[in-house]
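Scroll down for the structure; my scribbles are underneath it.
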Amino acid sequence: MLDAMIDDDHGPLRASAQDGSHPRPQMIRPTWTDLSGVWSFAHDDDDRGIAAGWPASGVSEREIVVPYPPESAASGVGDTGSHRVVWYSRELTPADLAAAGHAGGRRLLLHFGAVDYRCDVWIGGMRVGAHEGGHTPFTLDVTESAAPGAQIVVRVEDDPHDIAQPRGKQDWREDPHVIWYHRTSGIWQPVWLESVPPVHVTALRWTADPRAGVVRADIELSATPAGAVDIEVEISFEGRPLAAVRTVAAADEVSVILPVGALGNGQAYEELLWSPEHPRLIDADVRIGDDTVASYLGIRTADVGRGRFWLNDRPYFVRSVLSQGYWPDTHLAAPSASALRDEVELIKSLGFNAARVHQKFEDPRFLFAADSLGLLVWGEAPATFTFTPTAIERTTREWLEVIRRDVSHPSIVTWVPLNESWGVQHIASDERMQHFARSLVALTKALDPTRPVVSNDGWEQVDTDIVAIHDYEWRPEVVRQRYATDADVRRLVDGVGPAGRRLILSGDVDGAPVMLTEFGGISFDTASADGAWGYSAAASAEDFDERLTGLMDAVRASEALAGFCYTQLTDTLQETNGLVTADRTPKIPIDRIRAAITGEPAG
């Protein structure tokens, strides 16, 4: 794994040059080991595993391929039935410890990318930790219990009928229906080991301010150092040093400001800026005592105002596509790191410069591909299906965790904590739900004031930075008329939106950009899917091309819209309204799709 992250001269780690397989691409150490592969697995429908001693002995009912969910075919289990409790186990081998670089005097960390929904973990019969939240990572210090031959045992609880869980598109019924899909339970992102010094970096956040000419690193440590510990932070671009700071850490949270002289040159500073057209990544090295971390960042700004979205102080028209992040054989899990990179390349080849990952916190390896290839991303939360104190607590906790995980990715330019009033179904009349939506916006801005926030994508928005409209009108002439001028759009914003709901409940949206953030949804069933569904239907490839081109021409004709998000990228089970099939095959020639999306001639 090391060879994939070093330069041609076998010099220091360069995070920007990694191969995309690292589960945490913005905080890399030289040695780590992936524990993905064959584990032992068991369903526990009677919830008898703890009483039967499974935490110590492990399970041996059958095998599963981690990190694919047991509902998926790729896992080797492929059981889509309702199983509230499942168990995993795997022996920790000497080879695992050696590959992680573990030795005496160091700490051993066990990382989980995501486990849906609630889990407990044992090693060698010793309970080492637990986590709740199906889309966010967690790390356990397993130094005291890890030994060659010890069993790693994971018990996972995921109740399909618990609608207070943030679950997004995961169906609560036995069979997928309408816009909901098969569930993704258990381990669905990588599990990996890493050995670190006793005092080590646990979190790293980058904030770049090109206007002020500085980059800021916020560093969290595992513990307050016993004495002053040296900190060195260096950043470079394509091997050229940009800035370096050496200071001392005397607490477990340290902020380092790096003045970047090159940003002070008003004629040349744009040569360092990140954008989809120029996805320039800045390499970073952080050294604290005996710990060395390789990272990367992007220097860019993302703002809204004067009716436009602004990237690097220039108006930027957003051409986005809705991505469900769902795969036929692996469900919410990605088939591989390379598949995630292929997905970003596919999106760009179709003519889009952005993706709205829908009802899912996407795998960090996708975000690395977006960072390195140049794709804007809207980070959206998976919703609950009810409004209760438990749902509020769970939603907020996972939302804060994902902001902490993803805040340094330059590709993410917008946060979306709520969508179409899911989980806040009566927000138009219930002040409690309005307060909740406002609180999510306020918390997001408190943690990250550098990006706009869409409070409730689609309608019934409060304190939103972007007026996001969902409109599945299929007739191009109606769409063209509805969004033709600023006055036409203002009538929508001030009144009732296309879905028969108010677009804005409260908050000042004067100057806010207006975007059509869901539209299209043209079903063209190329595989005779059972219960094929869409918002309108095409009868042939020629009909699909004509409908798509007509809608896109109507949207681009608007003088008022600042961007759009077409629904959707891929077919997903019975939802056959993708531009490409579930296996990522374009439904019409790719140059025709690109021509429709961009308005540029095909070929």
Side-chain angles (χ1 to χ4, degrees), residues 274-279 300 302-304 307-312 314-325 343-358 362 366-367 369-371 373-380 410-414 416 451-452 454 457-458 465-472 476 479-480 483-484 489 513-522 544-545 547-570 577-580 586-602:
W274 184 96
S275 69
E277 293 71 29
H278 303 287
R300 61 113 187 91
D303 304 289
V304 293
R308 294 291 177 262
F309 176 84
W310 299 78
L311 187 70
N312 297 326
R314 303 290 191 276
Y316 196 90
F317 191 82
V318 176
R319 302 191 309 271
S320 184
V321 67
L322 193 80
S323 171
Q324 308 283 5
E343 192 90 322
V344 172
E345 290 178 337
L346 173 63
I347 292 169
K348 288 179 65 75
S349 72
L350 294 174
F352 298 101
N353 57 27
R356 177 178 164 218
V357 180
H358 189 42
E362 190 53 282
F366 175 89
L367 298 177
D371 292 340
L373 295 174
L375 183 74
L376 303 182
V377 175
W378 285 28
E380 179 179 325
S411 58
I412 295 183
V413 294
T414 305
V416 185
R451 294 172 172 90
V454 176
D457 206 299
D465 291 325
I466 297 172
V467 179
I469 303 175
H470 294 183
D471 185 351
Y472 283 104
V479 172
R480 184 181 294 266
Y483 299 98
V489 172
V514 177
M515 297 190 189
L516 191 55
T517 53
E518 282 190 34
F519 76 104
I522 304 167
F544 181 73
D545 190 342
R547 287 170 179 264
L548 175 65
T549 301
L551 273 178
M552 292 309 312
D553 286 347
V555 170
R556 282 197 316 278
S558 170
E559 69 177 34
L561 293 175
F564 62 77
C565 180
Y566 182 84
T567 303
Q568 61 185 351
L569 177 62
T570 70
N577 52 14
L579 294 169
V580 303
K587 294 184 177 179
I588 57 177
I590 201 166
D591 64 329
R592 291 297 308 148
I593 298 176
R594 184 178 181 87
I597 299 304
T598 64
E600 300 172 355

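Since the model is a prediction, treat every value here as computed from it, not as a measurement.
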Those residues that, when tested against [X], pass salt bridge (charged side-chain N to carboxylate O under 4.0 Å, His left out) (two or more places apart):
{"X": "D553", "result": "R556"}
{"X": "R594", "result": "none"}
{"X": "R547", "result": "D543"}
{"X": "K348", "result": "none"}

Run I593 and D591 through side-chain contact (heavy atoms from CB on, under 4.5 Å) and show every step you take. CA-CA 5 Å; I593 298 176; D591 64 329; over 6 Å; no

Side chains of [X] and [Y] in contact at under 4.5 Å (non-hydrogen atoms):
{"X": "L311", "Y": "P276", "result": "yes"}
{"X": "F317", "Y": "F564", "result": "yes"}
{"X": "F352", "Y": "V318", "result": "no"}
{"X": "N353", "Y": "L375", "result": "no"}
{"X": "V377", "Y": "V413", "result": "no"}
{"X": "F366", "Y": "V357", "result": "yes"}
{"X": "E277", "Y": "Y316", "result": "yes"}
{"X": "L373", "Y": "E345", "result": "yes"}

For the side chain of [X] and the backbone of [Y], is there at least one donor-acceptor N/O pair under 3.5 Å apart?
{"X": "R356", "Y": "C565", "answer": "no"}
{"X": "N312", "Y": "W274", "answer": "yes"}
{"X": "R319", "Y": "I597", "answer": "no"}

The criterion is side chain to side chain donor-acceptor pair (under 3.5 Å); which residues satisfy it with S411, sequence neighbours excluded?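 Here the qualifying residues are D371.
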
Suppose we screen for side chain to side chain donor-acceptor pair (under 3.5 Å). Which residues come up paired with R592, at least two apart in sequence or across chains? D545

[X] to [Y] - nearest heavy-atom pair and separation:
{"X": "Q568", "Y": "T570", "result": "NE2-O, 3.1 Å"}
{"X": "G550", "Y": "P476", "result": "O-CB, 3.4 Å"}
{"X": "A560", "Y": "V489", "result": "CB-CG2, 3.5 Å"}
{"X": "L569", "Y": "V321", "result": "N-CG2, 3.6 Å"}
{"X": "F309", "Y": "L376", "result": "CE2-CD1, 4.4 Å"}
{"X": "T414", "Y": "R451", "result": "N-CD, 4.4 Å"}

Test side-chain contact (heavy atoms from CB on, under 4.5 Å) on L561 and M515 and set out the steps. CA-CA 5 Å; L561 293 175; M515 297 190 189; 5.8 Å; no

[atom1]/[X] to [atom2]/[Y] distance, rounded to the nearest 0.5 angstrom?
{"X": "D303", "Y": "R308", "atom1": "CG", "atom2": "CZ", "answer": "15.0 Å"}
{"X": "R300", "Y": "S275", "atom1": "CZ", "atom2": "OG", "answer": "11.0 Å"}
{"X": "I466", "Y": "D457", "atom1": "CD1", "atom2": "CG", "answer": "8.5 Å"}
{"X": "F544", "Y": "N577", "atom1": "CZ", "atom2": "CG", "answer": "9.0 Å"}
{"X": "I588", "Y": "L579", "atom1": "CD1", "atom2": "CG", "answer": "8.0 Å"}

Mind running side-chain contact (heavy atoms from CB on, under 4.5 Å) on L551 and V479 for me, showing each step along the way? CA-CA 7 Å; L551 273 178; V479 172; 3.8 Å; yes

Quick check: F519 with Y566 (ring centres under 6.0 Å apart)? yes

Assess the residue pair K587 and V580 against the criterion (side-chain contact (heavy atoms from CB on, under 4.5 Å)); give the C-alpha distance rounded to whole Å, side-chain angles, the decisive distance to 0.1 Å, and a yes or no. CA-CA 5 Å; K587 294 184 177 179; V580 303; 5.6 Å; no

